[in-house]
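A quick write-up on the structure given underneath.
Values below: all heavy atoms of this structure, side chains included; hydrogens, waters and symmetry mates excluded. As the structure lists them, so they are numbered: ligands from 1, and atoms in each ligand from 1.
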Amino acid sequence: MDQLLSGLKAAAEVTRLRLVALLARAELTVTEVTQILGQSQPRVSRHLKLMVEAGLVERYQEGTWAFYRLADRGPGAALAAGLKQLIPHDDLTISRDFARLDSVLAERATQAQDYFAAHAAEWDELRQLHVSDETVERVMLDALKDFGGDERVGDLLDIGTGTGRIVEIFAPYFDRGIGIDLSADMLAVARVNLEKAGIDNVQIRRGDLYALPFADDSFDVVSVHQVLHFLDNMPAALGEAARVLRPGGVMLIADFAPHQLEFLRTEHNHRRLGFTDDEVSEAMKQVGLMPRAPQKMRAPKQNNADSLTVTLWQGIRDDEQLADRTSHNKTDAV
Ligand SMILES: C[S@@+](CC[C@H](N)C(=O)[O-])C[C@H]1O[C@@H](n2cnc3c(N)ncnc32)[C@H](O)[C@@H]1O
């Protein structure tokens, strides 16, 4: 009762309802919220603090940035989900906020794409900052071979394929591969690389990983190598990737474990400083993937800087799990 009352009190104010609407659509920093609402930063911070205390909003700190999103777990999650449903999207204030949110998100996307475009040709060198590529590629390849058994796998999709490195090394182990990426510059490099390597069972396509241009259940394997840390909505990306995976198919995700290397954000446009195993497993379960035990690849310390650990997360598409979860959610809603 106390929890419900404090949640209702926290929500019963116009700015805070606007925050429910915004944070249901995207993870945002205080600066971004301030930009959208046109209110002072201390004021916005006060509202957010109150909503976090009431369990309606989750805050997570990454280095010097703090992100806010509508709670999807914990004591306030059910009320947050209910409020999200009730927000009137045709309300003038809300639709203006959404228009400003769209431009904030578009600005983010442009910055990231500018960065990728500027660095397309040298990307392979930038990757050397991290744990050795060979180590990660070997572990990923072992996972792929393990999944395929003695056979080649059928269809593989590499999301955020960049220079096409993953499809290039996986090519002998699948029948047909597609590498998809948003950056035309990256794809130009990928095409050149694949042609040089004489690979003819891979297609390169331009597209957005949040809206993949493929039907449901189209691939046996989906790989996502060093892409998630650039995104502002990892769960949505996983949901879209799981949609195109066939039942029983595997998703292979390689990305950083949590770290403190802030320069990767300021100089290399990383949005997230790594992911915890719990965060990825929970996001997998939400989209009907059964997580397998993660594998860790640690880099040696370099120039006194902290070392970076790459994790390989694997999830098998398991429709029973999704059905269980959906019926559970429906029961909750009733
Ligand atoms: C660090 S690169 C990794 C490339 C490749 N997977 C590899 O490991 O070599 C990240 C890639 O994600 C792509 N990317 C970022 N946002 C994307 C989006 N919304 N849709 C598709 N690709 C995206 C970028 O263009 C970039 O090529």
Short question: side chain of [X], backbone of [Y] - any donor-acceptor pair under 3.5 Å?
{"X": "D155", "Y": "D220", "result": "no"}
{"X": "R176", "Y": "Q203", "result": "no"}
{"X": "Q3", "Y": "A54", "result": "yes"}

- Is there any N or O on I159 that sits under 3.5 Å from an N or O of ligand 1?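 By distance alone, the answer is no.
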- Under 3.5 Å, N or O to N or O, is H225 touching ligand 1 that way?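 Between H225 and ligand 1, an N or O pair is found under 3.5 Å apart.
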- Do the side chains of L28 and F67 join up, straight or via other hydrophobic residues, at under 4.5 Å, putting them in one cluster?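 The answer is no; the residues belong to distinct hydrophobic clusters.
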- Could you state whether L228 and V287 fall into the same hydrophobic cluster, counting links through intermediate Ile, Leu, Val, Met, Phe, Trp or Tyr residues with side-chain heavy atoms under 4.5 angstrom apart?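 Cluster IDs for L228 and V287 match.
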- Task: State, to 0.1 Å, how close G148 and V153 come at their nearest heavy-atom pair, and which atoms those are.
- Result: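 Minimum heavy-atom contact is CA-CG1, 3.8 Å.
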- Item | Exercise: identify the closest heavy-atom pair between M251 and L238 |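 That would be CE-O, 3.9 Å.
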Atoms in ligand 1 flagged as close to [X], the criterion being non-hydrogen separation under 4.0 Å:
{"X": "Q226", "value": "1 (C), 2 (S), 3 (C), 10 (C)"}
{"X": "G162", "value": "4 (C), 27 (O)"}
{"X": "F230", "value": "1 (C), 10 (C)"}

- Message: Check for me whether G207 has a heavy atom closer than 4.0 Å to any atom of ligand 1.
- Response: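 Yes.
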- Query: Does ligand 1 have an atom under 4.0 Å from some heavy atom of D208?
  - Reply: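 Judged by the 4.0 Å heavy-atom criterion, D208 does count as contacting ligand 1.
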- Query: Which bit of M186 gets closer than 4.0 Å to ligand 1, counting heavy atoms only: side chain, backbone, both or neither?
  - Reply: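 Under 4.0 Å from ligand 1, M186 contributes side-chain atoms alone.
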- Item | Proximity of T161 to ligand 1 by residue part, where a heavy atom lies under 4.0 Å |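 It is the backbone that touches ligand 1; the side chain stays farther off.
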- Out of D181, N269, L187, whose heavy atom sits nearest atom 11 (C) of ligand 1?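 That would be D181.
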- For atom 23 (C) of ligand 1, the option (of V224, D158, V167, L209) bearing the nearest heavy atom: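 Selected option, by shortest heavy-atom distance: L209.
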- Task: For the residue pair F174 and V221, establish whether any side-chain heavy-atom pair is separated by less than 4.5 Å.
- Result: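 Side-chain contact under 4.5 Å: no.
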